[in-house]
2 protein chains.
Amino acid sequence: MTGNAEEDTMAPGAAEGLTARGGVMTRNAEGGTMAIRILLAEDQTMFRGAMAALLSLEPGFEVVGDVARGDQVVGACEALRPDVALLDIEMPGIDGLEAARRLRTAVPETKVVIVTTFGRPGYLHAALAAGARGFLIKDTPIEQLSAAIRKVADGGQAIDPALAVAALSEGASPLTPREKDVLAAARGHGTIADIARGLHLSSGTVRNHLSAAIQKLGARTRAEAVETAEGKGWL
Amino acid sequence: MTGNAEEDTMAPGAAEGLTARGGVMTRNAEGGTMAIRILLAEDQTMFRGAMAALLSLEPGFEVVGDVARGDQVVGACEALRPDVALLDIEMPGIDGLEAARRLRTAVPETKVVIVTTFGRPGYLHAALAAGARGFLIKDTPIEQLSAAIRKVADGGQAIDPALAVAALSEGASPLTPREKDVLAAARGHGTIADIARGLHLSSGTVRNHLSAAIQKLGARTRAEAVETAEGKGWL
DNA sequence: GACGACCCGTGACGACCGTCATGGGTGAAG
DNA sequence: CTTCACCCATGACGGTCGTCACGGGTCGTC
């Protein structure tokens with residue numbers, strides 16, 4: 001628990017898990033340029049804290065808030081109206097991609113930059129489809145993150161170039177929607193009967209979908225198919 | 001034991017991937033207390049950079065170097081002789097636990113603090129057995145990390161309390177060494193015949209070991225057994 | 001309306017998986 | 001020396017899995 005419960009005049013009930021930050025550089029026109037207002041969404045407390053502290057030191061940046069869950073992103077952005085939202089993908093609640101989708105209609109002024117651990121081509125596709133303007137993996141230097149934030153705040157784009165070519169060479173998912181569902185349900189559960197029960201399907205149908213998915217992915221086992229599908233971001 | 005036939009080809013080139021850092025506060029006796037010299041081992045570049053920058057700002061800390069791979073830890077510590085080594089567990093090369101084991105004999109002055117993403121009880125056991133003096137998960141505030149570093153540098157210990165009780169309640173792994181091997185080999189590979197081939201065993205023996213492991217872990221499938229064993233850090 | 005893509009289902013077949021019983025071999029503990 | 005735990009192996013059994021062939025259903029497109 002972050003426990004920084006200092007939501008004094010935080011407007012509505014909107015943002016519960018939000019940690020508002022008194023910016024070093026407030027929104028006065030200081031020399032003509034205003035600081036880029038940033039919201040941070042990241043579940044690992046340590047990483048979130050480190051990034052917030054570091055970005056706040058960067059001249060021209062102001063971290064106006066940070067949240068730990070995907071379902072707190074929209075509320076926080078509605079309250080704070082940041083210029084840029086830095087979203088992790090793997091988060092409790094809803095993931096960063098879904099948060100980006102909702103943010104586009106709820107707070108369209110806020111530009112989204114996705115920062116994720118896994119450089120899966122499918123993630124890039126989904127992020128761009130969700131309206132993200134930037135996409136970086138966490139295995140890149142912070143200087144490039146700063147540069148990406150500035151570019152996006154200026155109205156530009158910032159896509160990891162190595163991932164872009166990978167995403168293009170991969171192409172889209174060959175799985176039909178239902179095959180994707182069945183394969184996704186096959187991650188945690190054990191037997192086929194369990195999956196069938198969870199999806200209200202016949203166990204024979206589940207086997208057929210799984211068989212099709214296995215062949216399309218070039219796998220030999222259901223587990224292998226799940227693994228390769230996850231690796232490419234088709235889930 | 002799974003053929004941990006890691007060749008000991010560590011020493012010669014010593015520290016290739018090492019980024020040495022000119023410390024803000026050098027090792028002069030300033031007022032009587034010397035800065036705590038820290039080495040950082042973490043594969044995610046962004047996280048590593050952020051932590052290095054942030055810890056350098058903390059008064060009394062000096063980040064003297066950082067590496068991205070586990071097999072660079074010993075070489076870097078031999079060259080830099082830090083007071084504290086902050087080790088991630090999940091790293092390419094060798095993992096942080098193995099690095100801690102080797103560090104204890106190679107550079108015993110350096111105290112080890114494990115900082116990991118996953119709060120698996122088995123990890124804590126292994127870390128303490130490897131001689132680590134501190135154990136934190138990345139989902140804790142940075143202030144606690146600073147406190148832990150100071151405590152460990154002073155000769156004390158810093159163990160995440162929530163994990164300590166979990167580790168005690170869990171107990172040690174019920175799996176025999178061979179069962180662990182077979183289960184570990186069952187992660188990536190597909191069929192039982194593949195596992196048997198990889199371990200030079202009869203396929204019937206593999207099935208027996210797997211069956212025993214499945215029952216000991218209360219699972220119903222090999223995949224379930226792998227999952228729960230991984231979750232507890234028995235691998 | 002014909003066509004194709006996708007969905008759901010059935011039935012059957014061979015291969016694989018998980019369980020059990022059984023046995024021999026080793027090495028440490030009593 | 002006996003006992004016990006672990007290792008490896010074999011064979012047999014029932015259940016599950018992956019594949020195939022097949023049929024019926026919906027929906028959008030040409």
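Naming convention: chains lettered A, B, ... in sequence-line order (proteins, then strands); numbering from 1 in each chain.
The base-pairing partner of C/dC7, taking Watson-Crick or G-U wobble contacts with both distances under 3.5 Å, is D/dG24.
When the nucleotides C/dG18, C/dA21, C/dC8 are ranked by their closest atom to the side chain of A/Leu201, C/dC8 comes out on top. Nearest nucleotide to the side chain of B/Leu210, out of C/dG18, C/dC8, C/dT10: C/dG18. Of the listed nucleotides (C/dT10, C/dC20, C/dC17), C/dC20 has the atom at the smallest distance from the side chain of B/Gln215. The side chain of A/Thr176 lies closest to C/dC7 when the candidates are C/dG9, C/dA12, C/dC7.
Protein chain B touches strand DNA chain D; the 5'-most and 3'-most nucleotides with an atom under 4.0 angstrom of its non-hydrogen atoms are D/dC6 to D/dA12.
The CZ-P distance, from A/Arg220 to C/dA15, rounds to 16 Å in whole Å. In this structure, A/Lys216 atom NZ and C/dA5 atom P are separated by 11 Å, rounded to whole Å. Rounded to a whole Å, the CD atom of A/Glu179 is 10 Å from the P atom of C/dC8. Straight-line distance from the CG atom of B/Asp194 to the P atom of C/dC16: 10 Å, rounded to whole Å. Computed from coordinates, the A/Leu199 CG to C/dC8 P distance equals 9 Å when rounded to whole Å. To the nearest angstrom, P of C/dC7 lies 13 Å from CG of A/Leu183. As rounded to whole Å, 13 Å separates atom P of C/dG11 from atom CG of A/Asn208. Atom NE2 in A/His209 sits about 8 Å away from atom P in C/dG9, given to the nearest Å.
Salt-bridge check for A/Asp43 with B/Lys138: failed, with every basic side-chain N at 4.0 Å or more from each acidic carboxylate O. The pair A/Arg187-A/Glu230 counts as a salt bridge, with a side-chain nitrogen and a carboxylate oxygen less than 4.0 angstrom apart. Salt bridge absent: A/Arg48 and A/Asp88 never bring a charged side-chain N and a carboxylate O closer than 4.0 Å. A salt bridge is absent between A/Asp154 and A/Lys151: the closest approach of a Lys/Arg side-chain nitrogen to an acidic carboxylate oxygen does not fall below 4.0 angstrom.
At a threshold of 4.0 angstrom between heavy atoms, the contacts of A/Arg178 are confined to the sugar-phosphate backbone, with no base atom among them. In this structure, A/Thr205 reaches the bases: a heavy-atom distance under 4.0 Å links it to at least one base atom across the strands shown.
Without hydrogens or angle criteria, A/Glu227 side chain to A/Ala223 main chain gives no donor-acceptor distance under 3.5 Å.
Heavy-atom minimum distance, B/Leu128 versus B/Ile159: CD2-CD1, 3.8 Å.
In this structure the side chain of A/Asp66 never reaches within 4.5 angstrom of the side chain of A/Glu42, judged on heavy atoms.
Comparing B/Arg207 and A/Arg207 by the nucleotide of DNA chain D that holds the closest heavy atom to each, the one mapping nearer the 5' end is B/Arg207.
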